[in-house]
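Structure first, then comments.
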Amino acid sequence: MDAVSSVCPSTPQWNISRPFLTGQFHQEVESTPGLAEYKGNSVDLGLESEKPIGCYSASVQELIVIDDLLSALIGIEGRYISINRVRGNEDSFSFHVDGSMDLALQESSKRIFPLCRSYLLINQFVESRSQFKSGLVNHAFAAALRALLLDYQAMVAQLEHQFRLGRLSIQGLWFYCQPMMGSMLALSIVIRKASSCNFVGSAVLNLLQNQAKVMAGNYLVRSLLEKMIESANSAYLGILERWVYEGVIDDPHDEFFIAENKSLQKESLTQDYDAMYWRQRYSLKDDIPSFLANSAETILTTGKYLNVMRECGHSVQVPALESSKLMNFGSNDHYLECIKSAYDFASSELLNLMKDKYGLVGKLRSIKHYLLLDQGDFLVHFMDIARDELAKTPNEISVEKLQSLLDLALRSTAAAADPLHEDVTCSVDTCSLLKRLGTLKDLQMGETVPETDALEESLSITGVETFSVNYKVQWPLSLVISRKALTKYQLIFRFLFHCKHVHRQLCAAWQVHQGARARDMHGTGISTSSILCRNMLKFINSLLHYLTFEVLEPNWHVMHNKLENAKSIDEVIQYHDFFMEKCLKECSLLSPVLLKKLEKLKLICLQYAAATQWLMNSIESPYTNKSIDGLHSLENLKVLKLRKPSKKPNSPTEESTVIECVLKFEREFTAELQSLRPILSSRAQAEPYLTHLAQLILGVGMDQQM
């Protein structure tokens with residue numbers, strides 16, 4: 001409130017320094033000189049003011065009391081009725097009568113004092129809450145109270161007229177005050193609490209609503225409170241109307257229940273993984289009017305949609321007919337229909353804009369091509385021409401060179417026909433896939449990732465493990481394809497890319513075996529190695545088949561169908577996020593134990609593929625040296641080898657040594673493969689997708705393993 005008041009115009013000083021103009025003078029009535037003349041404003045009855053009222057007869061006392069009460073009803077002291085503020089509490093007044101007054105008249109007067117007290121409280125509230133810093137709701141409420149006080153003062157004037165005509169008794173005064181008594185008392189309760197708690201905006205509206213419910217049994221009082229609510233709501237609904245019809249927060253006094261955080265910019269969606277723009281640029285406050293509580297989220301979303309379109313340069317305003325004006329708020333909940341209509345319009349308009357003008361579905365399909373390797377012909381070409389660069393460590397890799405090679409691969413393949421291929425860029429991470437997954441806390445991985453991992457420490461991480469593809473996304477598509485979503489796409493891409501690399505290495509090893517067989521070298525070593533190579537190829541092919549045809553493709557089609565039927569951008573974001581989470585989970589990227597097993601199996605395959613050239617050289621007969629030039633084709637394997645084994649196998653001179661080396665790889669590969677069985681078996685019941693993974697990788701149904 002202080003921050004808001006600093007930018008509001010100030011109340012004129014004379015309104016504070018001259019209390020007689022505002023009615024706030026009762027606290028100094030005893031010490032203020034010359035005040036006795038103000039007590040002479042009553043009807044002149046020819047009395048001496050120094051004499052106590054008890055000196056007069058009962059009939060005269062009644063006339064004096066009625067005269068004083070008429071003054072007290074509008075906050076002015078009489079001859080024998082004084083008004084004082086309670087020390088330390090400016091909102092509390094005390095009324096005192098001369099002790100010598102007739103007891104019956106004293107009791108009759110005291111019954112009217114609550115009405116006098118209510119008037120003073122309401123009048124003081126009107127004067128204090130008419131200041132700029134009090135806010136629009138208080139201004140509107142004070143204006144309605146001022147109109148009520150005019151009616152009240154007119155009633156007092158009519159009573160005074162009757163008194164001058166000699167037609168008003170103390171009982172008559174009490175009778176005529178009854179209609180106003182309950183209403184003024186109910187309003188004074190509201191005002192007392194609003195003043196003590198310094199309520200503004202929706203807090204005042206809620207206070208009035210609650211008081212109206214309490215007075216549900218009194219029709220007149222409830223009707224008056226409802227009129228006050230309608231008057232106070234008029235200012236608030238004016239702010240609300242601009243928000244739901246234009247997407248603009250016109251709230252100079254910070255009363256609206258939607259807060260704007262201007263420090264959050266839309267650019268953060270493409271730069272920050274934990275960007276809070278969509279969730280926190282506009283957010284709900286704690287103070288929400290009770291009559292809007294059930295529609296608060298709808299109201300917030302409506303304005304957010306309109307803001308997105310405005311930031312896109314797309315001028316749009318919800319068509320507001322006279323019948324749909326929120327200012328015409330009534331008790332029939334018509335405003336709820338107006339809010340729902342505005343939401344439907346804004347939602348459909350933004351969704352059509354994203355789909356038609358910005359091609360949301362086409363962009364997602366393009367990301368599927370390049371990051372989920374839906375059309376991977378460019379990848380084959382890229383891996384061929386970038387093999388030397390990818391063999392380096394991340395610190396040695398030139399990202400600019402990789403980018404030029406990626407552009408060349410895209411222009412040289414079918415991807416050149418895609419106008420969106422220019423949005424594809426490359427990036428190189430600095431850590432392994434498993435470590436990167438551990439740093440993303442929001443992924444909620446099933447198991448904790450250890451700080452140090454022997455497997456990772458023993459490896460020399462190269463570009464093959466850290467290379468990834470990035471994608472340029474502009475506003476407003478960044479609402480759906482944010483930095484967080486792209487990071488999850490990249491995690492899947494890195495896993496697929498490395499699997500593709502392992503597959504290429506094993507294919508090269510298989511070609512070496514086929515070349516050896518073509519030279520009639522059918523030794524036991526080659527046969528054993530050939531079987532192992534075939535099993536490894538079966539493993540990596542099964543893994544790739546599972547990732548692409550069992551996980552990515554089905555989930556993509558489910559998401560695509562949902563996007564076609566989506567009613568709002570929030571639904572689109574929800575479906576897209578669910579697709580990413582499901583893919584990460586079913587690709588085993590959120591299970592460190594399972595992922596480490598798969599990485600270990602791929603490592604064994606790579607080491608075996610790299611060792612194949614030495615194994616083949618070692619069993620070559622001396623008389624085949626004349627074919628040594630043809631055998632030099634094995635150097636192609638070195639070109640494809642992007643991760644070296646931790647230790648080169650010794651070059652054996654006898655076939656038995658070769659068989660022993662092959663069997664060592666086979667034992668290690670089989671042991672790791674078999675260790676997958678209990679992991680998959682224990683989790684398949686809770687996570688059915690692991691059954692498909694087991695059937696493909698292990699080659700048997702899970703029902704046979706349990």
Side-chain angles (χ1 to χ4, degrees), residues 125 129 134-145 147-148 183 186-187 189-191 193-194 197-260 282-304 306 318 320-346:
F125 181 85
R129 291 306 185 273
S134 300
L136 297 179
V137 172
N138 275 324
H139 292 173
F141 183 33
L145 290 174
L148 175 68
S183 300
L187 286 173
I189 293 173
V190 173
I191 286 169
K193 187 168 184 180
C197 299
N198 199 24
F199 281 165
V200 296
S202 56
V204 176
L205 299 179
N206 289 334
L207 187 60
L208 284 168
Q209 291 274 359
N210 293 335
Q211 189 63 30
K213 292 178 181 177
V214 172
M215 305 302 297
N218 190 326
Y219 175 77
L220 292 176
V221 176
R222 180 168 55 86
S223 298
L224 176 63
L225 288 172
E226 287 177 353
K227 289 181 180 178
M228 293 293 165
I229 292 170
E230 186 172 350
S231 299
N233 271 337
S234 61
Y236 201 85
L237 291 177
I239 303 173
L240 176 63
E241 192 171 271
R242 288 210 67 188
W243 173 251
V244 298
Y245 287 163
E246 302 176 37
V248 175
I249 296 182
D250 185 9
D251 183 23
H253 303 287
D254 195 27
E255 299 172 276
F256 199 39
F257 66 90
I258 295 177
E260 179 181 7
Y282 297 100
S283 58
L284 296 176
K285 298 179 182 177
D286 293 333
D287 268 345
I288 301 176
S290 57
F291 67 95
L292 293 175
N294 294 332
S295 304
E297 288 291 345
T298 302
I299 294 169
L300 173 65
T301 306
T302 302
K304 286 168 65 175
L306 294 172
V318 177
L321 303 177
E322 193 61 32
S323 61
S324 65
K325 286 285 187 180
L326 289 174
M327 301 298 290
N328 298 330
F329 167 157
S331 59
N332 57 354
D333 294 341
H334 174 66
Y335 65 95
L336 296 177
E337 298 176 9
C338 298
I339 292 170
K340 182 64 167 60
S341 177
Y343 169 78
D344 291 340
F345 175 84

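Listed by chain and number, the residues in a side chain to side chain donor-acceptor pair (under 3.5 Å) with Tyr282 are Glu260, Asn307 (sequence neighbours excluded). Applying the side chain to side chain donor-acceptor pair (under 3.5 Å) test to Asn218 and every residue at least two apart in sequence or in another chain returns nothing. Applying the side chain to side chain donor-acceptor pair (under 3.5 Å) rule to Lys285 yields the partners Asp254; only residues at least two apart in sequence or on another chain are considered. Taking Asp344 as the reference, Lys340 meet the salt bridge (charged side-chain N to carboxylate O under 4.0 Å, His left out) condition, with sequence neighbours excluded. By the side chain to side chain donor-acceptor pair (under 3.5 Å) test, Glu297 pairs with no residue at all, sequence neighbours left out.
Here the side chain of Asn233 pairs no donor or acceptor atom with the backbone of Leu205 at under 3.5 angstrom. A donor-acceptor contact shorter than 3.5 Å is absent between the side chain of Ser295 and the backbone of Leu292. Ser202 contributes a side-chain N or O that, together with a main-chain N or O of Asp287, makes up a donor-acceptor pair within less than 3.5 Å. A donor-acceptor pair under 3.5 Å is absent between the side-chain atoms of Asn138 and the main chain of Arg129, judged by distance alone. Using modelled atom types, one side-chain atom of Glu255 and one backbone atom of Leu136 make a donor-acceptor pair closer than 3.5 Å.
To the nearest 0.5 Å, atom CD1 of residue Ile299 and atom CG of residue Leu240 are 5.0 Å apart. Between atom CD1 of residue Ile191 and atom CZ of residue Phe199 there is a gap of 13.5 Å, rounded to the nearest 0.5 Å. If you take CG on Leu237 and CD on Glu230, they are separated by 9.5 Å, rounding to the nearest 0.5 Å. Separating the NE2 atom in His139 from the NE2 atom in His253 is a distance of 5.5 Å, to the nearest 0.5 Å. For the atom pair Phe141 CZ and Leu208 CG, the distance stands at 4.5 Å (nearest 0.5 Å). Distance CG/Leu187 to CG/Leu148: 6.0 Å, rounded to 0.5 Å.
When every heavy atom of Ala296 is checked against every heavy atom of Ile288, the shortest pair comes out as CB-CD1, 4.0 Å. Considering all non-hydrogen atoms of both residues, Leu224 and Ser183 come closest at CD2-CB, 3.1 Å. For Asp250 against Ile239, the heavy-atom pair with the smallest separation is O-CG1, 3.5 Å. The shortest heavy-atom contact between Ala140 and Ala232 is CB-CA, 4.0 Å. Residues Ala346 and Leu306 share a closest heavy-atom pair of CB-CD2, 3.9 Å. Across all non-hydrogen atoms, the minimal contact from Met215 to Ala186 is CG-CB, 4.4 Å.
Applying the ring pair (Phe, Tyr, Trp, His ring centres under 6.0 Å) test to every pair with at least one member in residues 200-239, sequence neighbours left out, gives these pairs: Tyr236-Phe256.
Considering only heavy atoms from C-beta on, Asn206 comes within 4.5 Å of Pro289 through its side chain.
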